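Letters go in sequence order (proteins before strands), and every chain restarts at 1. Note that this is a predicted model, so its numbers are computed, not measured.
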Amino acid sequence: MEPLYKPEGVEERWQRAWEEEGHYAADPDPARRPYVIALPPPNVTGELHMGHALNGTLQDVLIRWHRMRGFNCLWQPGYDHAGIATQNVVEKELAKEGKTRHDLGREAFEERVWQWLETYGRVIMHQFRRLGCSLDYRRERFTMDEGYVRAVMRFFVHLYKRGLVYRDNRIVNWCPRCASALSDLEVEHLEVEDTVYTVRYPLADGSGFVPVATVRLPTMLGDVAVAVHPDDDRYRGLVGKEAIVPAAERRVPIIADARVDREFGTGAVKITPGHDPLDFEIGREHGLPELTVIALDGRMSGEAGEYAGLSQEEAQARIAEALARQGLLERAEPYRHAVGHCERCGTRIEPLITLQWWVEMEELARPAIEAVRQGRVRFWPARFNRVYLDWMESIRPWCISRQLWWGHRIPVWYCACGAEIVSETEPDRCQACGDPELRREEDVLDTWFSSALWPLATLGWPDETEDLAYFYPGDVSSTAREIIFLWEARMIMAGLEIRGEVPFRHVIIHSTVLAPDGRRMSKSLGTGIDPLELVERYGADATRYGLLKMSSAQDVRFSEGAIEEGRRLANKLWNVSRLILANAGEALPQARPQALEERWILARLDRARAEVEEALESFELARATSVLYHLTFDDFCDWYAEAIKPRLYAGDADARATALFALERLLLLLHPFLPHVSEEVWSHLPARERRLIVSPWPEPDDRFAAEGDALERVKEAATIFRRSGVRVPLDGEELRIFEAVVRPQRLRVDGKVEVECERLRKEIERCQRLLANESFLRKAPPEVVAAERAKLARYQREREALGCADGPPTSG
RNA sequence: GGGCGCGUAGCUCAGCGGGAGAGCGCCCGCUUCACACGCGGGAGGUCGCUGGUUCGAUCCCAGCCGCGCCCACCA
């Protein structure tokens with residue numbers, strides 16, 4: 001064993017061994033309790049980034065911990081086909097050849113995507129392996145593989161039969177560049193500079209005009225009404241009358257609707273059901289026509305009259321000019337507001353009326369709301385329960401059809417007779433008229449529609465498999481917070497709808513790792529840091545440790561120091577193991593912890609065990625790492641290892657046996673966090689019958705619980721001695737440990753007795769002041785008072801030992 | 001517009017009602033036979049600001065100032 005721990009080689013060796021020996025594999029086994037986590041399936045085209053690495057490590061710690069506790073652990077790997085994202089990647093590839101997907105045609109394009117994936121996709125699972133993630137790689141699934149497609153079709157048909165899926169002509173978020181509809185969650189609101197125009201709409205009876213404010217002049221060509229608030233005195237007389245939309249020369253009614261904000265603009269609003277979501281709603285309720293003046297490509301449509309074919313900017317300029325000429329343009333001023341943009345390509349969203357497939361969400365949401373309210377699913381940290389509930393309680397219909405080529409094609413066939421056949425498999429003829437000529441729906445499903453089924457479909461659903469019966473429902477789902485609605489909420493809804501059971505009991509929302517400068521980590525900004533590069537430089541254990549340390553807050557700036565700390569911990573463990581192993585001897589008696597430092601370290605190990613368990617149970621992994629760091633460095637190395645050295649060197653059999661026993665316990669606690677070093681060290685321990693990865697997590701051991709603070713006096717004495725050169729009297733085992741640890745021959749004494757005395761004087765003064773305060777004595781809890789008294793006594797003892805002169809009783 | 005989170009040592013962050021902490025960095029001393037990816041010691045904080053509650057507040061409450069995130073149909 002070399003003095004410097006080198007993770008290269010060691011880690012890959014263990015990763016291979018663990019996987020080949022089948023320790024990652026999970027199969028139904030009624031004799032054991034299952035523990036299940038489904039890895040959020042990364043995009044097939046993706047590569048491991050910091051978020052994946054953090055999330056993977058987190059889940060791996062939980063999986064490894066439960067594996068050691070005897071659970072039958074299934075950690076499910078796989079990929080998401082990622083509709084738009086993947087299609088874009090391959091389209092860019094095509095663009096290099098000067099082609100578009102339309103040059104290939106649908107089938108050839110799909111073939112091309114599969115080819116691309118064959119060559120360049122599916123690399124992340126290898127990267128997860130390199131991080132030490134103990135996923136059951138045999139079970140890798142893809143949202144587009146055969147069985148999974150059946151699950152998606154089954155769910156769609158199921159919802160259709162329940163009346164929760166329907167096709168409707170409604171206003172949607174349309175991305176003119178992607179040429180597809182988007183769900184509300186795929187729209188990102190960004191601040192933009194616009195102009196707000198105040199336009200005079202003449203009244204049809206010639207009695208004047210009504211001023212209307214708008215930022216989208218071109219859409220006035222599609223106006224079908226003017227609305228005012230029913231209680232707005234300014235316009236009360238106008239309701240029921242008609243106005244003329246200037247550029248369109250159309251007579252439209254003036255209606256009253258409470259959704260109009262009297263405070264905003266002029267208090268009168270133009271109603272354009274074809275191009276504004278609120279107007280659309282108002283329009284439907286008032287039975288207004290729906291005119292479309294903007295086409296799917298974002299330009300003015302044929303119905304825009306003389307403006308047809310123009311871009312919106314051109315139309316806006318021309319209309320503004322015309323209005324000004326007619327004296328109908330009252331004002332035009334700059335206006336800053338948030339406008340929806342396509343999350344994928346950044347193009348401004350065009351609200352348009354198109355024929356799309358929808359899921360009615362309220363009925364699905366109801367049981368999913370109950371599940372969280374009742375705590376059958378819990379979010380960690382707990383505040384995300386509220387976030388989830390707020391969204392779910394005001395949920396709106398979900399637009400699930402996408403005008404893309406890459407994805408699950410919607411299982412609906414149309415017949416010339418007008419029939420609409422919804423079927424899991426392709427029907428051979430029309431059920432209504434018998435016509436064999438059927439046309440399949442062109443649209444594919446939103447990627448997240450299939451993701452919602454991940455916990456179920458990966459276990460074999462729609463088939464009633466053994467896996468499904470044994471592993472469903474699972475235990476934990478861990479994700480970043482931006483995915484709570486897109487994925488977590490929908491998995492919960494789908495699970496409840498299909499099985500009547502939540503898919504997991506805990507949802508962990510982990511932190512976002514930011515670049516060191518506080519910006520988002522992003523490839524395009526050049527702020528990304530490659531976790532695999534960290535693995536190369538520091539080792540997987542160190543990288544895991546650093547990531548866990550950064551997992552606590554909501555946002556954490558990446559700090560390489562955290563990874564370095566992990567590397568130092570691994571190295572420390574390695575070296576203290578060398579010390580113990582080099583002195584352990586061969587045949588070993590049963591450990592009989594007797595010496596004070598032995599009882600003490602076993603108490604500390606058990607206390608740490610309890611703290612780690614507590615932290616893991618509430619998913620506070622950063623806290624757990626901190627406990628283990630201090631256990632290893634402070635307790636195990638700085639005190640215990642130093643204390644036993646003389647006995648170890650002297651060949652004390654008890655010291656050796658107990659040291660091995662204590663080291664073993666330390667390795668067990670460390671394994672979920674630093675699996676590779678700990679397994680490597682474990683393999684050097686004499687007479688191992690099994691791998692650390694499958695060794696049982698330590699049972700509580702309170703034999704020495706009372707000894708947890710046994711070294712306090714020695715520690716204090718050592719501190720005082722090192723600072724001042726003065727020896728606080730100790731005897732027996734305490735003295736023995738003191739001498740083993742302080743090495744007086746090396747000590748440089750700077751004569752700091754006075755400084756030490758002064759420090760103690762101040763502490764004593766503080767205690768005395770507190771203990772003289774009657775309110776404190778009356779109201780503070782007794783244990784607090786007792787603790788203060790104990791401190792006072794201790795400080796006074798120390799002062800005496802140091803031989804401090806009685807300082808002047810300083811007042812104030 | 002609504003909601004949430006954060007502001008603690010030079011840096012990255014813990015702590016969240018009774019002595020201000022860790023790691024890195026910095027200074028001093030150590031080639032101590034496990035480890036210089038080490039050991040020991042030290043310097044360095046009006047715990048964003050202002051009020052309030054309390055015997056006592058970094059910690060609880062209110063307001064304010066900065067930073068960030070999520071949600072959102074005021075044209």
Side-chain angles (χ1 to χ4, degrees), chain A residues 1 3-5 171 184-185 187 189 196-197 212-216 219 227 259-266 268-272 276-282 335 337-338 340 351 381 383-384 386-387 390-391 394 481-482 484-485 512 514 516 518 520 538 542 549-550 552-562 564-583 622-623 626 629-630 633 637-638 641-642 645 648-649 718-719 722-723 742-743 745-748 750 752 762-763 766-767 770 773-781 784-785 787-788 791 795:
Chain A
M1 291 175 83
L4 187 65
Y5 172 64
I171 199 146
D184 294 339
L185 291 175
V187 175
H189 289 80
V196 59
Y197 298 90
V212 163
T214 179
V215 290
R216 300 198 61 202
T219 66
R259 279 164 287 196
V260 176
D261 183 350
R262 275 173 285 183
E263 309 300 316
F264 191 88
T266 61
V269 61
K270 65 194 217 42
I271 299 297
T272 321
D276 180 276
L278 179 61
D279 293 4
F280 176 81
E281 245 178 60
I282 293 176
Y335 181 59
H337 64 150
R383 65 190 142 84
F384 289 107
R386 195 68 257 159
V387 173
D390 285 346
W391 186 74
S394 55
R481 58 182 181 279
E482 59 260 29
I484 293 175
F485 311 136
T512 303
L514 304 172
R520 252 201 138 71
Y538 298 100
K549 196 181 154 109
M550 287 183 257
S552 56
Q554 171 156 303
D555 295 302
V556 194
R557 295 181 181 210
F558 178 81
S559 103
E560 200 141 329
E564 278 166 14
E565 194 175 311
R567 178 179 58 179
R568 292 189 309 111
L569 177 59
N571 191 240
K572 194 72 175 170
L573 177 67
W574 176 251
N575 276 297
V576 78
S577 304
R578 289 176 62 221
L579 168 73
I580 292 171
L581 289 168
N583 290 287
R623 207 177 97 208
S626 157
Y629 180 89
H630 291 289
F633 266 83
C637 294
D638 294 348
E642 292 301 329
K645 269 182 186 173
L648 227 40
Y649 296 151
T719 306
R722 283 161 174 163
R723 284 212 276 240
V742 294
R743 313 193 185 213
Q745 69 278 9
R746 303 283 172 183
L747 190 76
R748 240 184 39 133
D750 289 337
K752 289 183 192 157
K762 282 185 183 162
E763 298 286 10
R766 191 195 57 81
C767 290
L770 243 190
N773 182 332
E774 276 185 39
S775 303
F776 171 72
L777 293 175
R778 208 169 52 241
K779 298 184 179 177
V784 172
V785 178
E788 291 299 330
K791 281 180 210 165
Y795 296 143

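- Counting non-hydrogen atoms under 4.0 angstrom, A:Ala780 reaches a base of the nucleic acid.
- Nucleic acid contact for A:Thr719: none, since no nucleic acid atom lies under 4.0 Å from a heavy atom of the residue.
- Counting any heavy atom pair closer than 4.0 Å across all strands shown, A:Glu565 reaches sugar-phosphate atoms only and no base atom.
- The separation between A:Glu642 atom CD and B:A34 atom P is 9 Å, rounded to whole Å.
- Heavy atoms of A:Glu788 sit under 4.0 angstrom from primed sugar atoms or phosphate atoms, though from no base atom.
- Counting any heavy atom pair closer than 4.0 Å across all strands shown, A:Val556 reaches sugar-phosphate atoms only and no base atom.
- Mapping A:Pro516 and A:Glu564 onto RNA chain B by nearest heavy atom places A:Pro516 at the nucleotide closer to the 5' end.
- Of the candidate nucleotides B:C35, B:G5, B:G18, B:C35 has the atom lying nearest to any side-chain atom of A:Pro3.
- Checking the phosphate oxygens (OP1, OP2) of B:C24, a side-chain nitrogen or oxygen of A:Arg568 falls inside 4.0 Å.
- Contacts of A:Tyr629 with the nucleic acid, taken as non-hydrogen atoms under 4.0 Å apart, involve only primed sugar atoms and P, OP1 or OP2.
- Applying the 4.0 Å criterion to OP1 and OP2 of B:G42, one finds that A:Arg723 has a side-chain N or O inside that range.
- Here the nucleotide nearest the side chain of A:Tyr649, chosen from B:C33, B:U12, B:C37, is B:C33.
- No engagement by A:Pro351 is indicated, since no non-hydrogen atom pair under 4.0 Å with the nucleic acid exists.
- The residue A:Cys637 sits close to a base: some heavy atom pair falls under 4.0 Å.
- Along RNA chain B, the nucleotide nearest to A:Ser577 and the one nearest to A:Phe384 differ in position, and the one closer to the 5' end is contacted by A:Phe384.
- Residues meeting the salt bridge (Lys or Arg N to Asp or Glu O under 4.0 Å) test with A:Lys270, sequence neighbours left out: A:Asp223.
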Given the rule in the side-chain contact (heavy atoms from CB on, under 4.5 Å) test, do A:Phe280 and A:Thr272 qualify, once you have shown the distances and angles that lead to the verdict?
-> CA-CA 7 Å; A:Phe280 176 81; A:Thr272 321; over 6 Å; no

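- Protein atom CZ of A:Arg383 is 11 Å distant from nucleotide atom P of B:C4, rounded to whole Å.
- Counting only Watson-Crick and G-U wobble pairs whose two key distances fall under 3.5 Å, RNA chain B forms stems of three or more stacked pairs at B:1-7 with B:65-71, B:10-13 with B:21-24, B:26-30 with B:38-42, B:48-52 with B:60-64.
- If you measure from atom OH of A:Tyr5 to atom P of B:A36, you get 17 Å, rounded to the nearest angstrom.
- In this structure, A:Leu514 CG and A:Ser559 OG are separated by 12.0 Å, a value rounded to the nearest 0.5 Å.
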Under 4.0 Å protein heavy-atom contact, by nucleotide of nucleotides 65-75 of chain B - B base, S sugar-phosphate only = ---BS-SBBBB

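- Rounded to an integer number of Å, the gap from A:Asn571 CG to B:A36 C1' is 10 Å.
- Straight-line distance from the CZ atom of A:Arg722 to the P atom of B:C30: 16 Å, rounded to whole Å.
- Taken to the nearest 0.5 Å, the OG1 atom of A:Thr214 stands 8.5 Å off from the CG atom of A:Asp276.
- Contact between the side-chain N/O atoms of A:Ser626 and the OP1/OP2 oxygens of B:A14 is not found at any separation under 4.0 Å.
- Counting non-hydrogen atoms under 4.0 angstrom, A:Asp638 reaches the backbone sugars and phosphates but no base.
- The separation between A:Arg567 atom CZ and B:G23 atom P is 16 Å, rounded to whole Å.
- Atom CE in A:Met550 sits about 9 Å away from atom P in B:C13, given to the nearest Å.
- Counting to the nearest Å, the C1' atom of B:G38 and the CG atom of A:Leu573 are 15 Å from each other.
- Annotation for A:Ala213 and A:Val196: closest pair CB-CG2, 4.2 Å, computed over non-hydrogen atoms.
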